[in-house]
Amino acid sequence: MGTTHEVTNQVPPLTGYDPVADDAALAEACVRHADEATLASLADLGRLAGSEQAREWGRLADEYRPVLRTHDRYGHRIDEVEFHPAWHELMATAFGHGLAGAPWAAADAGDRHAHVRRAVGYLAWTQVEAGHGCPVTMTYAVVPALRAAPDLAARYEPGLTGTGYRPGLTDPAAKPGLVAGMGMTEKQGGSDVRTNTTRAVPNADGTHTLTGHKWFTSAPMSDLFLVLAQAPEGLSCFLVPRVLPDGSRNVFRLQRLKDKLGDRANASGEVEFDGTTGWLVGDPGRGVPTIIEMVAATRLDCVIGSAATVRAALTQALHHTRHRRAFGARLADQPLMQNVLADLAVESEAATALAIRLAAAVDAGETAFLRLAGAAAKFLVCKRTPAVVAEAVEVLGGNGYVEESGLPRLYRQAPLNSIWEGSGNVIALDVLRALGRSSESLSAVTAEIDLARGADVRFDEAVGRLATELGDTDALPLRARRVAGLLALCLQGSLLLRHAPPEVADAFCATRLGGDWGTVLGTLPAGVPVARLAERAAVGGRTRG
């Protein structure tokens with residue numbers, strides 16, 4: 001066969017970089033909220049995350065989806081999920097580097113930066129593949145909720161905070177680490193979990209027998225779950241292990257796996273409880289307040305995970321434009337493309353700064369701050385992610401629209417965190433609840449915002465608008481999205497004004513706060529040093545600062 005042409009002007013593979021050390025915004029946030037030693041402890045994970053091997057694990061885990069095995073060859077019910085080996089490599093790496101439940105044990109042992117370290121690692125590692133971040137997140141998040149039942153925590157917390165990973169259902173005490181899931185959603189209720197109909201009947205031995213159908217159970221291959229069910233006292237929270245203390249399997253019938261838009265590497269399923277054994281967690285009739293401890297921790301990871309998706313898309317766009325030429329010049333050297341890249345970089349840095357600040361609040365025990373700031377951040381950062389990833393796809397053009405680029409996987413993933421644990425309206429209304437129930441939350445967030453007062457007139461004016469919005473109680477539910485979004489923007493502005501290079505903070509204040517911005521990305525005003533902003537965000541061969 002004859003050769004028809006020579007392949008030129010194509011971009012080399014994106015490998016051999018470090019998404020921890022090479023991301024100035026992330027590395028600086030790590031040192032700011034922890035120290036250089038914390039950053040150095042993530043070096044091995046960062047190098048692996050940027051390797052060709054890790055990228056291949058991510059591709060394979062997404063391409064070869066989990067398979068439901070309801071029965072074995074002999075007809076016995078087993079209710080197991082089969083994964084590609086690449087999935088297990090991703091999980092083992094995440095657990096081994098302390099991205100699951102380990103920070104809680106580390107913090108108890110005196111590590112003051114355990115949650116910041118974990119957040120930085122999670123933001124870098126989930127850029128490889130986001131789906132396995134779901135069970136990693138829930139394993140992290142279950143620990144504070146389970147502590148409402150000290151006996152259960154004593155039994156399961158050593159496994160939940162372990163750094164080992166072993167797939168398969170077996171005696172939890174024999175595993176080097178346990179994986180946790182969650183089951184709240186039912187067909188008739190969705191986010192309105194108080195309408196759940198799953199029943200929990202108390203037994204003489206202190207257990208409960210559960211009967212019901214969970215419409216959406218995350219990570220059904222996990223070792224144990226927190227679920228909501230109606231007990232005689234009202235909606236309550238229960239621990240449901242897959243393997244019971246006597247070694248037998250609990251009744252946990254997987255009806256089907258969901259065929260999802262994205263998050264394909266991770267299994268999500270419908271589960272039927274029919275005589276399933278559960279243990280009460282927290283006070284009877286107080287299921288929502290109990291499980292909200294887990295939900296609050298997953299909310300943090302929604303922000304971190306969305307920041308990771310934004311950063312992964314930005315990295316792809318920067319890499320492509322540095323190697324692709326059009327109209328006689330590199331794409332990265334053309335002013336309009338520089339505007340787009342710089343705008344994407346500003347969005348990424350703002351998301352990263354806020355995500356790591358939230359993790360630092362966990363280390364510091366700033367529960368009042370987290371209650372409000374976490375909800376507002378979840379609303380804005382997750383809501384912005386699909387638009388950012390879509391713009392990055394356009395940077396690559398047709399090359400970005402094909403699966404081999406990896407961007408379609410990011411694009412399918414982009415809406416997830418805005419939907420998970422309550423979509424936009426639910427979270428915006430939760431911001432109002434946090435404002436109404438706790439003056440301490442508002443005071444804590446206002447104090448953080450006010451640290452940058454006087455640094456930029458556009459920021460000060462935005463803070464004034466926020467005060468006006470909060471002071472106007474008329475039709476607050478109708479304005480909930482405006483309040484939540486502006487609150488998060490003011491938090492981001494305060495962080496960038498205090499900690500980012502002046503050109504980053506100036507671009508953010510001019511556009512996100514000052515209104516000198518079009519309706520799409522890539523419309524930064526004249527005078528913004530777009531090439532310098534893009535260079536700060538580029539990976540490889542660049543120092544921090």
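What you are looking at is a predicted structure, and each value in this text was computed from that prediction instead of being measured.
Using a 4.0 Å cut-off between charged nitrogen and carboxylate oxygen, Glu347 and Arg512 count as a salt-bridge pair. Ion pairing of Arg465 with Asp472 is absent here, as no side-chain N (NZ or NE/NH1/NH2) approaches a carboxylate O to less than 4.0 Å. Using a 4.0 Å cut-off between charged side-chain N and carboxylate O, Arg325 and Asp333 make no salt bridge.
The neighbour count for Glu52 CD, taken as heavy atoms of other residues, nucleotides or ligands under 6.0 Å away, does not exceed 12. In Arg330, the CZ atom is crowded: over 12 heavy atoms of neighbouring residues, nucleotides or ligands sit closer than 6.0 Å. The environment of Arg482 atom CZ is sparse: at most 12 non-hydrogen atoms of other residues, nucleotides or ligands sit within 6.0 angstrom. Open room surrounds CZ on Arg286; 12 or fewer heavy atoms of other groups in view lie less than 6.0 Å from it.
Under the 4.5 Å side-chain criterion, counting only non-hydrogen atoms from C-beta, Leu489 is in contact with Gln492. Looking at heavy atoms from C-beta onward, Leu226 lies out of side-chain contact with Met184 at the 4.5 angstrom threshold. At a threshold of 4.5 Å between non-hydrogen side-chain atoms, the residues Thr298 and Met182 count as touching. Residues Pro501 and Glu349 form a side-chain contact, since some pair of their non-hydrogen atoms from C-beta on lies under 4.5 Å apart. Taking 4.5 Å as the limit, some side-chain heavy atom of Trp420 sits within range of a side-chain heavy atom of Ser218. Using a 4.5 Å heavy-atom threshold, the side chains of Leu99 and Leu45 count as touching. Side-chain atoms of Pro408 and Tyr401, non-hydrogen and from C-beta on, never get closer than 4.5 Å to each other. The shortest distance between side-chain heavy atoms of Met294 and Pro144 does not fall below 4.5 Å.
Checking side-chain atoms of Arg117 against main-chain N and O of Ser41 turns up a donor-acceptor pair under 3.5 Å. Judged by distance alone, the side chain of Ser348 and the main-chain N or O of Ala345 form no donor-acceptor pair under 3.5 Å. In this structure a side-chain-to-backbone donor-acceptor pair under 3.5 Å is present from Lys378 to Gly422. A donor-acceptor pair under 3.5 Å is absent between the side-chain atoms of Glu157 and the main chain of Val143, judged by distance alone. Using modelled atom types, no side-chain atom of Asp301 and backbone atom of Ile304 make a donor-acceptor pair closer than 3.5 Å. A distance-only check finds a donor-acceptor pair linking the side chain of Asp22 to the backbone of Asp18 [under 3.5 Å]. A donor-acceptor pair under 3.5 Å is absent between the side-chain atoms of Asp111 and the main chain of Pro103, judged by distance alone. The backbone N or O of Asn266 lies less than 3.5 Å from a partner atom in the side chain of Lys260, making a donor-acceptor pair. A donor-acceptor contact shorter than 3.5 Å links the side chain of Ser441 to the backbone of Ala368. A donor-acceptor pair is defined here as one N or O able to donate and one able to accept, closer than 3.5 Å; such a pair exists between the side chain of Thr321 and the backbone of Leu318.
Under the 3.5 Å distance criterion, with hydrogens and angles disregarded, a donor-acceptor pair is assigned to the side chains of Asn417 and Ser306. Checked by atom type, the side-chain pair Thr15/Arg55 shows no donor-acceptor distance below 3.5 Å. A donor-acceptor pair shorter than 3.5 Å can be found between the side chains of Tyr122 and Thr137. Counting only N and O atoms by type, the side chains of Thr315 and Arg311 include a donor and acceptor under 3.5 Å apart. Glu129 and His132 share a donor-acceptor pair across their side chains, judged by distance under 3.5 Å alone.
Heavy atoms only, all atoms of each residue included: Gln413 and Gly131 are closest at NE2-N, 4.4 Å. Taking all atoms of both residues into account, the shortest heavy-atom contact from Phe459 to Ile449 is CZ-O, 3.4 Å.
Interatomic distance, CG of Leu380 versus CG of Leu487, reported as 10.0 Å (0.5 Å rounding). Summarising the geometry, atom CG belonging to Leu341 is positioned 10.0 Å from atom CG belonging to Leu336; distances are rounded to the nearest 0.5 Å. Separation of atoms CD1 (Ile356) and CG (Leu123) is listed at 5.5 Å; rounding is to 0.5 Å. For the atom pair Trp57 CH2 and Leu48 CG, the distance stands at 5.0 Å (nearest 0.5 Å). Rounded to the nearest 0.5 angstrom, Leu314 CG and Gln127 CD are separated by 9.5 Å. Atoms CG and CG, on Leu372 and Leu491 in that order, are 7.5 Å from each other to the nearest 0.5 Å.
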Discussion item. Pair Arg371, Thr367 - check side chain to side chain donor-acceptor pair (under 3.5 Å), show working.
Written reply: CA-CA 6 Å; Arg371 176 68 182 89; Thr367 54; over 6 Å; no
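At least one test fails for Arg47 against the ring of Tyr17: distance under 6.0 Å to the centre or angle within 45° of the axis.
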For residues 514-529, tabulate all N or O donor-acceptor pairs below 3.5 Å that involve a side-chain atom, not counting sequence neighbours.
| from | atom 1 | to | atom 2 | distance (Å) |
| --- | --- | --- | --- | --- |
| Trp517 | NE1 | Asp343 | OD2 | 2.9 |
| Thr523 | OG1 | Gly518 | N | 2.8 |
| Thr523 | OG1 | Val520 | O | 2.8 |

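Taking the six-membered ring for Trp and the full ring otherwise, the centers of Tyr140 and His115 sit less than 6.0 Å from each other.
Listed by chain and residue number, Leu358, Ala361, Val362 satisfy the side chain to side chain contact (heavy atoms under 4.5 Å, CB included) test with Leu370 (two or more places apart in sequence, or in another chain). Under the salt bridge (Lys or Arg N to Asp or Glu O under 4.0 Å) criterion, Asp460 pairs with no residue, sequence neighbours left out.
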